[in-house]
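Lettering of chains follows the sequences in order, A, B, ..., and the numbering in each one begins at 1.
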Protein chains: 2
Amino acid sequence: MSDSIAEMVEETVGGDASTSLYQRILNDIRDRIVSGEWEPGYRIPFEHELTEQYGCSRMTVNKALSQLAKAGLIERRRRSGSFVRRPQSQAAVLEIHDIRVEVEALGLPYRYELMAQTKRRATTVDRDRLGPSPSTAGQVLALQCLHYAGVRPFCVEDRLISLAAVPEAADQEFRKSAPGPWLIGQVPWSAAEHVIRAASADGETAADLGLASGAPCLIIERRTWSAERPVTHVRFTYPANAHAVVARFTPSDG
Amino acid sequence: MSDSIAEMVEETVGGDASTSLYQRILNDIRDRIVSGEWEPGYRIPFEHELTEQYGCSRMTVNKALSQLAKAGLIERRRRSGSFVRRPQSQAAVLEIHDIRVEVEALGLPYRYELMAQTKRRATTVDRDRLGPSPSTAGQVLALQCLHYAGVRPFCVEDRLISLAAVPEAADQEFRKSAPGPWLIGQVPWSAAEHVIRAASADGETAADLGLASGAPCLIIERRTWSAERPVTHVRFTYPANAHAVVARFTPSDG
DNA sequence: ACTGCGATTATGTATATACATATCAGAAAG
DNA sequence: CTTTCTGATATGTATATACATAATCGCAGT
């Protein structure tokens, strides 16, 4: 089997220059792990063995193994070797799209409507919504918006923006375009937290969405920080049948 | 400004040996990006400039920059340099925990109950649930389980296992322990897809969970593949107020 | 047996060097 | 004035080497 690796390298080393050697080593090992050929706990060949098998230097092997370790597929132990880890934290990557993009992906015309915009001194509730902060927040901007897909309401947006973090927002009127895309261009955010849950629509939200009171809704909340300072908190409320969140996982593509 | 980097390095180069040099370079640059000091489009110093500033070799700088590029924070262009990318795909990492762990994290005793276990030839519906497959599925195992937190039902699990992918499951009786943890130890999975949505509880589910019919629920569905073959599909149904999904994002921790 | 210590081993990081490759600016040719 | 070619440049990958560090094994001495 070690021979087959060596042969494969011999074959392709002059032919396929599209992928680098360390990438091929990485892929080979990853494939053996995800295929189950090398089960959790299996000790993968030492660096110096792979060095021989692939006919390359240790640095090249090391680059591949280091990346596998960072991706969580293997665990490296000095003096002992590298071992296949058991898939533990079922982590998945969740992509958050702009609502306009979401709606247009459904083939429906997108429309945005501002329902209310208020500037006020941050209340206790507001501070809670924005999340833990080193400084006490000052002024905030509160927004209620409605996003339409075609003629039907698609979701309600309830947003709070910290004017301490984004003073430019004070002079903005979000009548024509939604605050989300504008904020992304304005503030470099360094951390975000999402909470996804289900709830019954309260009276007001139900009315906005054209639902019966108590109808099930999907709620996505997002808090964003920029360099430790809270920037914004949004709550999107979708009718239950209108929306779902999709997350995917594939181990270390490189 | 370049001077301050150089000074900082001079200070710490002999003192703090806890982090490696390339890690410090990586952190320095990442901090400047997420703080907004270096805005999207900004051309970060060339490798040879950083080499000078940090008094190290190009390989060390290259390692740091390559990782930042892989993490999507910068874009590297030959002959032109490396540029700060604008945060585009708002990706967040979602950790899926075992239900036992979830319940015990709430400080409640966990209990598991098997409600039904059926072996049958895969129907069209079953094949749809398992997802796209190269081969036509044969036998499947269908399970309905209930997870308790204390005396109250916590969530309903509705699972389908492909016996073509996991033949050992045919001989298992999931009376005492849930199929999820067992499967993880059994099959190395290579890809997973999650769908999170809200819905009204149907009559049966509502009864199992002790809810009024039509009560809002959070539904998490997961499909798992092992080397292109569908392994299992699960649907967890939670009462709306019992559960939420949390996802976090922090740019490239290393 | 038990303890402590040195030798061994595999990984972790860094260096200087080399050549490949994509790309752009500007010179040369039409 | 446009096209083509050439050289400069920054990144991409790979190598041989070196020393640091953590963990383990086995031996020596109590």
Side-chain angles (χ1 to χ4, degrees), chain A residues 5-6 8-10 12-29 41-85 253-254, chain B residues 2 6 9-10 12-29 38 41-85 253-254:
Chain A
I5 296 183
M8 209 175 78
V9 173
E10 296 285 333
T12 49
V13 87
D16 180 23
S18 68
T19 49
S20 48
L21 218 188
Y22 88 88
Q23 265 292 345
R24 194 158 56 243
I25 300 175
L26 194 157
N27 289 338
D28 285 356
I29 296 175
Y42 179 87
R43 206 212 75 228
I44 75 173
F46 294 129
E47 290 189 351
H48 71 262
E49 294 176 302
L50 292 168
T51 285
E52 265 188 40
Q53 288 178 14
Y54 284 91
C56 65
S57 77
R58 185 166 81 90
M59 281 300 294
T60 305
V61 170
N62 185 282
K63 191 170 177 180
L65 295 190
S66 298
Q67 292 203 15
L68 284 170
K70 200 152 62 74
L73 278 175
I74 65 173
E75 182 192 342
R76 314 202 70 194
R77 283 204 292 273
R78 281 167 152 151
R79 165 77 211 231
S80 312
S82 306
F83 299 82
V84 177
R85 297 218 315 188
D253 289 335
Chain B
S2 348
V9 172
E10 295 286 334
T12 50
V13 86
D16 179 23
S18 67
T19 50
S20 50
L21 217 188
Y22 88 88
Q23 265 293 345
R24 195 159 55 241
I25 299 175
L26 194 157
N27 290 337
D28 285 356
I29 296 175
W38 288 349
Y42 179 88
R43 206 211 76 229
I44 75 173
F46 295 129
E47 290 189 351
H48 71 262
E49 294 177 302
L50 292 168
T51 285
E52 265 189 40
Q53 288 178 15
Y54 284 91
C56 67
S57 77
R58 185 166 81 89
M59 283 299 296
T60 306
V61 171
N62 185 284
K63 191 169 178 181
L65 295 190
S66 298
Q67 292 203 16
L68 284 171
K70 201 152 61 75
L73 278 175
I74 66 173
E75 183 191 340
R76 314 202 70 192
R77 284 203 292 274
R78 280 167 156 155
R79 162 77 212 232
S80 312
S82 306
F83 299 83
V84 176
R85 296 217 318 186
D253 288 336

Restricting to pairs with a member in residues 51-67 of chain B, which pass salt bridge (charged side-chain N to carboxylate O under 4.0 Å, His left out), not counting sequence neighbours?
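Residue pairs passing salt bridge (charged side-chain N to carboxylate O under 4.0 Å, His left out), neighbours aside: Glu47(B)-Arg58(B).
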Rounded to whole Å, please give me the gap between [atom1] in [X] and [atom2] in [N].
| X | N | atom1 | atom2 | result |
| --- | --- | --- | --- | --- |
| Arg58(B) | dT13(C) | CZ | P | 20 Å |
| Phe83(B) | dT11(D) | CZ | C1' | 12 Å |
| Leu68(A) | dT11(C) | CG | P | 13 Å |
| Glu75(B) | dA22(C) | CD | P | 16 Å |
| Met59(B) | dA16(C) | CE | C1' | 10 Å |
| Asn62(A) | dA14(C) | CG | P | 12 Å |
| Tyr22(A) | dT15(D) | OH | P | 14 Å |
| Leu65(A) | dT11(C) | CG | C1' | 10 Å |

Listed partners of [X] passing side chain to side chain donor-acceptor pair (under 3.5 Å), at least two apart:
| X | value |
| --- | --- |
| Arg78(A) | none |
| Arg43(A) | Glu49(A) |
| Thr51(A) | none |

Counting C-beta onward and ignoring hydrogens, is there a side-chain heavy-atom pair between Leu21(B) and Tyr54(B) closer than 4.5 Å?
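Sidechains of Tyr54(B) and Leu21(B): in contact.
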Considering residues at least two apart in sequence or located in another chain, which fulfil the ring pair (Phe, Tyr, Trp, His ring centres under 6.0 Å) criterion with Phe83(A)?
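Listed in chain order: nothing, the list is empty.
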Does the side chain of Ser66(B) get closer than 4.0 angstrom to OP1 or OP2 of dT11(D) through an N or O atom?
no
Contact pattern, 5' to 3', of nucleotides 3-10 of chain D - B, S or - by protein heavy atom under 4.0 Å:
----BBBB
